[in-house]
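Sequential numbering from 1 along the given sequence is applied to the chain's residues.
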Amino acid sequence: MERPPRRPSAARPRPRSLQRAAAALFLAILVALPFAVLYRGPVSRSLHDSWEWDPLPSLDASEEDGAARDDDLDSQDLKLEQVLQKASMGDNTVILTTLNSAWASPGSVIDLFIDSFRSGVRTSSLLNHLVIIAFDWNAYKQCLKIHPYCFALGTDGVDFSEEKRFLTSGYLEMMWKRIDFLRLVLESGFSFIFSDADIMWFRSPFPYFYPDGDFQIACDHYFGNATDLRNIANGGFNYVKSNERSIEFYSFWYSSRLRYPGLHDQDVFNVIKHDPYVSDIGLKIKFLSTSYFGGFCEPSRDLNKVCTMHANCCIGLQSKVHDLRVMMEDWRSYLSLPPSLKRLSALAWRVPQNCRY
């Protein structure tokens with residue numbers, strides 16, 4: 001039963017002490033709010049709220065149909081959860097990579113990335129759990145031609161279709177957008193392996209992950225201990241379990257961009273990994289050995305052990321593609337050898353070549 005409407009009462013003047021208290025409270029909120037945003041960015045946000053997400057239209061959407069576009073905008077959270085659910089493993093783990101037009105052209109990075117799964121040892125089935133996140137419309141269309149699980153994601157007023165050179169403003173925006181998006185994946189209840197598309201997969205990484213790690217990350221330079229904070233991390237490959245600690249960390253990581261303007265996500269991580277707040281939330285960080293998760297900065301020397309190889313420490317798309325093709329040739333040559341020759345320690349990569357620095 002509805003309550004009868006209350007009669008409006010006559011306004012009474014407020015005591016001056018109450019007015020002063022209200023003014024003081026308002027001033028305190030103004031002072032505290034920037035710090036709250038800086039250090040403890042909001043945790044629960046939708047695709048709309050983060051970075052002013054501007055989802056790309058579906059293939060059958062009419063550009064003239066504004067109402068359909070509004071419906072598409074409203075359903076992006078659901079669409080993301082659906083594609084993640086379809087691709088997820090039994091424990092709600094997915095493999096994610098990002099793609100723009102520059103890396104999507106036939107014969108370029110994304111084709112080499114997928115080819116490495118098909119050529120690796122017990123990796124082809126992992127393609128069933130890969131979701132490609134397209135940053136622009138052309139990348140999304142190309143993704144649909146080569147892979148079943150694609151998610152179209154754009155940002156209002158920002159063009160991510162072209163190659164983003166290292167540390168340019170466009171590059172920084174794309175990297176920070178990725179961090180915020182990965183937080184949304186964790187909040188949806190999905191753990192993930194994130195892999196840059198210029199990482200070749202040669203063996204399944206799961207046997208080499210630590211069972212007690214919340215956040216596990218590859219390295220440009222590894223000093224021999226998985227918990228040594230001196231290890232120089234590389235954000236291009238990480239395995240993250242969805243829990244309160246990892247969600248809070250990604251929120252903290254993303255908000256830290258404001259404390260370190262001009263730095264990309266990887267450099268900021270290598271700073272905040274020492275922050276007492278990371279210990280306070282109980283996040284367990286593990287660094288992955290370059291013996292298994294290598295790259296051009298510090299290659300995996302033993303082809304009998306290597307899981308992934310990253311075209312890091314390399315600037316320029318053409319140089320990357322050239323050296324990734326040489327890497328795949330080396331891998332196929334290794335696979336063609338009889339078991340007795342595979343065990344020889346003399347086997348080595350011919351890369352980096354154009355990516356040498």
Side-chain angles (χ1 to χ4, degrees), residues 40-45 47 50 77 80-98 122-123 125-133 149 151 175-176 178-196 199 201 203-219 222 225-229 231 233-256 265-266 268-270 272-289 292-293 307-308 310:
R40 299 292 298 276
V43 172
S44 296
R45 290 181 286 169
L47 283 172
S50 302
D77 288 354
L80 174 61
E81 188 165 349
Q82 287 175 340
V83 72
L84 293 175
Q85 191 64 55
K86 289 179 181 178
S88 65
M89 304 174 193
D91 61 352
N92 268 16
T93 298
V94 292
I95 301 170
L96 303 173
T97 194
T98 53
R122 293 187 296 276
T123 53
S125 62
L126 296 179
L127 284 173
N128 297 325
H129 308 293
L130 170 67
V131 178
I132 299 176
I133 310 300
Y149 301 128
F151 183 77
M175 294 302 99
W176 284 116
R178 183 178 76 185
I179 294 299
D180 199 33
F181 179 78
L182 293 176
R183 176 193 55 77
L184 292 171
V185 173
L186 294 172
E187 285 186 351
S188 299
F190 293 91
S191 303
F192 62 78
I193 299 176
F194 177 82
S195 173
D196 278 344
I199 294 178
W201 287 52
R203 289 183 176 86
S204 172
F206 286 99
Y208 304 95
F209 290 144
Y210 297 91
D212 60 339
D214 297 315
F215 177 90
Q216 306 184 43
I217 189 166
C219 298
Y222 182 75
N225 188 320
T227 59
D228 189 345
L229 293 178
N231 291 315
N234 184 293
F237 186 93
N238 45 69
Y239 171 47
V240 188
K241 296 177 182 177
S242 176
N243 55 43
E244 291 182 0
R245 297 180 298 276
S246 62
I247 293 170
E248 183 66 21
F249 174 70
Y250 265 78
S251 182
F252 175 63
W253 190 0
Y254 180 67
S255 68
S256 295
D265 61 304
Q266 182 174 303
V268 171
F269 172 82
N270 281 313
I272 66 172
K273 65 187 178 183
H274 300 282
D275 195 297
Y277 182 67
V278 176
S279 299
D280 291 344
I281 64 176
L283 184 79
K284 295 180 180 178
I285 299 175
K286 299 287 186 178
F287 297 92
L288 301 171
S289 171
Y292 302 98
F293 303 91
C307 293
T308 63
H310 189 182

Is the side chain of [X] donor-acceptor paired with the backbone N or O of [Y] at a distance under 3.5 Å, no angle test?
| X | Y | value |
| --- | --- | --- |
| His129 | Ala87 | yes |
| Asn238 | Phe215 | no |
| Ser255 | Ser251 | yes |
| Thr98 | Ile133 | no |
| Thr97 | Ser195 | yes |

Just verifying a value: how many Å separate [X] [atom1] and [Y] [atom2], rounded to the nearest 0.5 Å?
| X | Y | atom1 | atom2 | result |
| --- | --- | --- | --- | --- |
| Met89 | Phe190 | CE | CZ | 12.5 Å |
| Lys286 | Asn225 | NZ | CG | 8.5 Å |
| Asn234 | Ile199 | CG | CD1 | 6.5 Å |
| Ser191 | Leu186 | OG | CG | 7.0 Å |
| Trp253 | Trp176 | CH2 | CH2 | 7.0 Å |
| Glu248 | Asn243 | CD | CG | 11.0 Å |

Candidate pair Gln216 and Tyr208, rule side chain to side chain donor-acceptor pair (under 3.5 Å), full reasoning: CA-CA 11 Å; Gln216 306 184 43; Tyr208 304 95; over 6 Å; no
State, with a plain yes or no, whether a side-chain heavy atom of [X] is found less than 4.5 Å away from one of [Y].
| X | Y | result |
| --- | --- | --- |
| Tyr254 | Phe181 | no |
| Phe192 | Val131 | no |
| Val94 | Val83 | no |
| Phe249 | Val240 | no |
| Leu229 | His274 | yes |

Pair Ile193, Phe206 - check side chain to side chain contact (heavy atoms under 4.5 Å, CB included), show working. CA-CA 10 Å; Ile193 299 176; Phe206 286 99; 3.5 Å; yes
Closest heavy-atom pair and its distance - [X], [Y]:
| X | Y | value |
| --- | --- | --- |
| Cys307 | Ser204 | SG-O, 3.9 Å |
| Tyr222 | Phe287 | CE1-O, 3.6 Å |
| Tyr250 | Arg183 | CB-CB, 3.8 Å |
| Lys241 | Ser246 | O-OG, 2.6 Å |

Reference residue Pro205; test side-chain contact (heavy atoms from CB on, under 4.5 Å); the match among Leu126, Ile95, Leu288: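 It is Leu126, the one option of Leu126, Ile95, Leu288 that forms the side-chain contact (heavy atoms from CB on, under 4.5 Å) with Pro205.
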Only one of Val278, Asn231, Asp214 clears side-chain contact (heavy atoms from CB on, under 4.5 Å) with Ile285; which?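 Result for side-chain contact (heavy atoms from CB on, under 4.5 Å) with Ile285: Val278.
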Is the ring centre of Phe293 less than 6.0 Å from the ring centre of Tyr239? no
Does a side-chain N-to-carboxylate-O contact under 4.0 Å join Arg178 and Asp196? yes
Given side chain to side chain contact (heavy atoms under 4.5 Å, CB included), test Phe194 with Val185 step by step and report yes or no. CA-CA 11 Å; Phe194 177 82; Val185 173; over 6 Å; no
